Amino acid sequence: MKTRAVVAAVLLLLVTLVSCRSSVVEESTTVNPSEEELITVGFSQLGAESDWRSTNTESMLTALSAENGYNLIYKNGQQKQSNQITAIRMFIQQEVDYIVLAPATETGWDTVLEEAKEAGIPVILVDRRVDVENDNLYTCWVGSDFELEGQKMATWIYDYTCMIGMAPEDVHIVNIQGSLGSTAQIGRSKGLSDAVRIYGWDLLDEVCGDFTETKGREGMAQLLQEYDHINVVYCENDNEAIGAIDAIEAAGKTVGSDIKNGEIMVVSFDGINIKALEYAKIGKISCIAECNPLHGPRVQALIEAIEAGETPDKFNYVSETLFSSVSGITSIEVEGKSYSITPVT
Ligand code: AHR
């Protein structure tokens, strides 16, 4: 935008000079001023691995639209950090006004974010976070508290298993993790591993499901071959859960919360996938911890605040609920704070 603004000013000056000297130039090359007023944003999305991600992308494209005053340059990183780094370097060359980054993983961003900083371009992180030496390499972040999501889910499992009178050592869990090294995976896996340590559950294994249905199915099939006494499957997103349920049913087992009578209980995260919500309604998924993807208007508000000369909060958390149709638990408590369960009907 800065380059175009300079070009526009030069053109206007030339036109003015030429029209002073000659009456030939009556209709000049004018630049549409409304286009000049657009804020140029380079958005590096990490990929398109899940329904959550598609909804998130849609939210960003809608909010940062031309009607809302934005010239958005969107790049899909195809789940590769190297693609995202290339996109950021391209945004820097294009002299965008803002860079919005949804990073695939947490580490490895220092150099390219230094480059953005040197170019004077503010970077807004969305969804996941980066682990950098200097937090001043980005302006602010908006997204979910993934560790809290994990803590909430672990508390729900604890409350439920206590309610049905199960001893902690009889809770045999497997974890189908999200993409390793992503903030969502790190937080949700930590929520579970802390609970395993505190309550004494039997965590049988952890495999990577990469937040996809295919890998969720493959991972679960592999786990079922290795263990015959799994009774809780902790899937780090809904797409993995849908794949895992396929694998459980293909193995001739039943999904559900009646784990004292041989069912395998599946829990997951997101709450945006229609099929997963339908599964939650009929009890195939026992509990879903919400992960809200509608960050477009939030990023828009952050940019507007910066444009207005304000300094937004560094970390901006989204509040989220849990969805379940299992009766008996209407709320859970984590670190002294109560969270109500939203019934799925
Ligand atoms: O970072 C958010 C996570 O990424 C969502 O839970 C998952 O579905 C997505 O792929």
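When a ligand or atom number is given, it counts from 1 through the structure's own listing order. Just so you know, these numbers come straight off a predicted model, no measurement behind them.
Under the 30°/60° scheme for interplanar angles, the aromatic rings of Tyr227 and His229 are found to be tilted.
At under 3.5 Å, not a single nitrogen or oxygen of Trp52, backbone or side chain, sits near a nitrogen or oxygen of ligand 1. The shortest N or O to N or O distance between Glu236 and ligand 1 is not under 3.5 Å.
Both the sub-6.0 Å distance and the 45° axial angle are satisfied by Lys314 relative to the ring of Tyr138.
For the residue pair Asp110 and Asp131, the shortest heavy atom distance occurs at OD1-O, 4.0 Å.
Arg188 counts as a contact of ligand 1, since one of its heavy atoms falls under 4.0 Å from the ligand.
Taking the six-membered ring for Trp, Trp141 and Tyr317 have ring centres closer than 6.0 Å.
Closest to atom 8 (O) of ligand 1, if we only count protein heavy atoms, is Asp270 OD2, 2.6 Å. Protein heavy atom in closest approach to atom 3 (C) of ligand 1: Arg128 NH2, 3.8 Å. Distance from atom 10 (O) of ligand 1 to its nearest protein heavy atom, with residue and atom name: Glu49 OE2, 2.3 Å. Protein heavy atom in closest approach to atom 2 (C) of ligand 1: Asp127 OD1, 3.3 Å.
For ligand 1, the atoms lying closer than 4.0 Å to a non-hydrogen atom of Ser50 are 7 (C), 8 (O), 9 (C), 10 (O). Those atoms of ligand 1 that come under 4.0 Å of a heavy atom in Phe211, given as number and element, are 7 (C), 10 (O).
Residues Ser268 and Tyr234 form no side-chain contact, since every pair of their non-hydrogen atoms from C-beta on lies 4.5 Å or further apart.
Listed for the Asp238 side chain is a donor-acceptor partner under 3.5 Å among the backbone atoms of Gly271.
Under the 4.0 Å criterion applied to side-chain N and carboxylate O atoms, Glu240 and Lys215 are not assigned as salt-bridge partners.
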